[in-house]
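By convention in this document, chain letters (A, B, ...) are assigned in the order of the sequence lines, proteins followed by strands, and residues within each chain are numbered from 1. All figures in this text were calculated on a predicted structure; none of them were measured in a lab.
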There are 2 protein chains.
Amino acid sequence: MKSNKQSQLARDLKSDAFIVKVAERFKMLGEPMRLKLIQSLMSGERTVGELVQSTGAAQANVSRHLNHLTQVGLLGRRKAGLHVYYHIEDESIYGLCELVCGSVRAQAKAELEALN
Amino acid sequence: MKSNKQSQLARDLKSDAFIVKVAERFKMLGEPMRLKLIQSLMSGERTVGELVQSTGAAQANVSRHLNHLTQVGLLGRRKAGLHVYYHIEDESIYGLCELVCGSVRAQAKAELEALN
DNA sequence: TTAATATATGAGTATATAGTTATATAATAT
DNA sequence: ATATTATATAACTATATACTCATATATTAA
């Protein structure tokens with residue numbers, strides 16, 4: 001089963017178009033501002049205005065990032081009157097952030113210990 | 001335990017410096033050429049020359065990307081005579097690629113089904 | 001209708017970085 | 001020492017994109 005997954009992974013990554021898709025996904029998560037937005041959305045759906053407040057960024061910028069994240073399917077949107085509510089649509093976000101956060105934390109800890 | 005992890009994740013992402021580190025990690029995986037290199041390294045360590053061959057990219061470009069990936073701790077290197085062998089150092093790469101590949105595959109499948 | 005509010009978008013600038021070419025560095029062999 | 005080979009790096013160009021400002025597009029209220 002493990003080797004099955006491994007070979008599926010290797011197979012996926014051999015297609016150029018697929019690799020570009022995967023890179024696009026990672027790139028979406030590779031901007032601090034977008035990670036901040038995602039973090040805010042981790043406790044539930046939020047309007048653009050609320051996200052502008054919680055991030056302290058300009059409205060136009062927040063709107064653009066939300067749009068990008070929605071285009072690639074990571075976020076979803078819901079209109080309600082004047083407001084647009086965004087939410088996390090692709091649950092893989094949680095696993096991805098946990099993995100990277102864990103790795104970054106482990107690395108920071110190792111670097112600290114290397115000084116002793 | 002689940003809520004513990006969740007809150008640890010939320011706590012991690014609240015530090016600006018930490019968010020930048022996490023973004024940097026994702027960004028490293030957000031380039032097709034780097035993903036190709038990583039894919040080649042998934043079957044074991046390789047020299048720069050071997051990676052130049054397997055990717056078809058220019059030597060200088062491959063060397064640069066390998067350097068970046070090594071700086072952030074995703075890859076490791078080993079010198080042996082004229083050759084430098086690179087390998088995957090941070091095992092979280094496997095989990096990350098599996099998650100994203102799975103999500104991209106699922107999305108492609110969903111898009112296909114939406115046409116029927 | 002007009003006004004007010006929330007969100008999206010066009011246009012511009014600034015910056016980061018992928019890729020290239022040429023060259024430097026380092027290790028081995030002759 | 002010189003030549004050869006593998007890798008790294010400096011300098012440059014081209015491109016992508018984050019951010020800003022101004023404005024457009026809804027949607028609701030008066």
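With distances taken from any side-chain atom of B/Ala60 to the nucleotides C/dT21, C/dA11, C/dA18, the minimum falls on C/dT21. For A/Arg64, counting side-chain heavy atoms from C-beta on, the closest listed nucleotide (D/dT9, D/dC19, D/dT7) is D/dC19.
A side-chain donor-acceptor contact under 3.5 Å links B/Thr70 to the backbone of B/Leu66. Between the side chain of B/Glu113 and the main chain of B/Ala110, no donor-acceptor pair closer than 3.5 Å is present. Side-chain atoms of A/Thr55 come within 3.5 Å of backbone atoms of A/Leu51 as a donor-acceptor pair (strictly under, hydrogens ignored). Side chain of A/Glu50 to main chain of A/Thr47: a donor-acceptor pair is present (N/O by atom type, distance under 3.5 Å, no hydrogens or angles).
With rounding to whole Å, B/Lys27 atom NZ is found 11 Å from D/dT17 atom P. Rounded to an integer number of Å, the gap from CG of A/Asn61 to P of C/dT13 is 18 Å. Whole-Å rounding puts the A/Leu51 CG to C/dT7 P distance at 9 Å. Here the C1' atom of nucleotide C/dA6 and the CD atom of A/Glu50 are 12 Å apart, to the nearest Å. Rounding to whole angstrom units, CG of residue A/Leu37 and P of C/dT7 are separated by 13 Å. Remark: C1' of C/dT17 and CD of B/Gln71 are 15 Å apart, rounded to the nearest angstrom. For the pair A/Arg46 CZ and C/dT7 P, the computed distance is 13 Å after rounding to whole Å. What separates CD of B/Gln53 from P of D/dT7 is a distance of 11 Å, to the nearest Å.
Between A/Tyr86 and C/dA8 there is a side-chain polar atom (N or O) within less than 4.0 angstrom of OP1 or OP2. For B/Tyr85 and D/dA6, the shortest distance from a side-chain N or O to OP1 or OP2 is not below 4.0 Å. The shortest distance between the side-chain N/O atoms of B/His65 and the OP1/OP2 oxygens of C/dT17 is not below 4.0 Å.
At the heavy-atom level, B/Ala58 lies under 4.0 Å from the strands shown only through sugar-phosphate atoms. When heavy atoms are screened at a 4.0 angstrom cut-off, B/Glu31 is found touching the sugar-phosphate backbone but no base atom.
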>> Run the side-chain contact (heavy atoms from CB on, under 4.5 Å) test on B/Lys27 and A/Leu29 for me, step by step, so that the C-alpha distance in whole Å, both residues' side-chain angles and the decisive distance to 0.1 Å come before the verdict.
In response: CA-CA 7 Å; B/Lys27 201 176 290 183; A/Leu29 299 175; over 6 Å; no
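If you check distances only, the side chain of A/Gln59 never reaches the base of C/dA6 with a donor-acceptor pair under 3.5 Å.
Against DNA chain D, the stretch residues 76-84 of chain B makes heavy-atom approaches under 4.0 Å through B/Arg77, B/Leu82, B/His83, B/Val84.
The aromatic rings of A/His83 and A/Tyr85 lie tilted to each other, with the angle between the two planes from 30° to 60°.
Within the 4.5 Å cutoff, the side chain of B/Glu31 has no heavy atoms near those of the A/Phe26 side chain. Residues B/Cys101 and A/Val22 meet the side-chain proximity criterion, which asks for heavy atoms closer than 4.5 Å.
Stacking of A/Arg77 on the aromatic ring of A/Tyr86 is not recorded, the 6.0 Å distance cut-off and the 45° axial limit not both being met.
Annotation: the terminal axes of the helix from C/dT1-D/dA30 to C/dT30-D/dA1 meet at 10°, where each axis is the rotation carrying the C1' atoms of four end pairs onto the next four (5 pairs per end, rounded to 10°).
No more than 12 heavy atoms of other residues, nucleotides or ligands lie within 6.0 Å of CD in B/Gln53, so this atom counts as exposed by the packing criterion.
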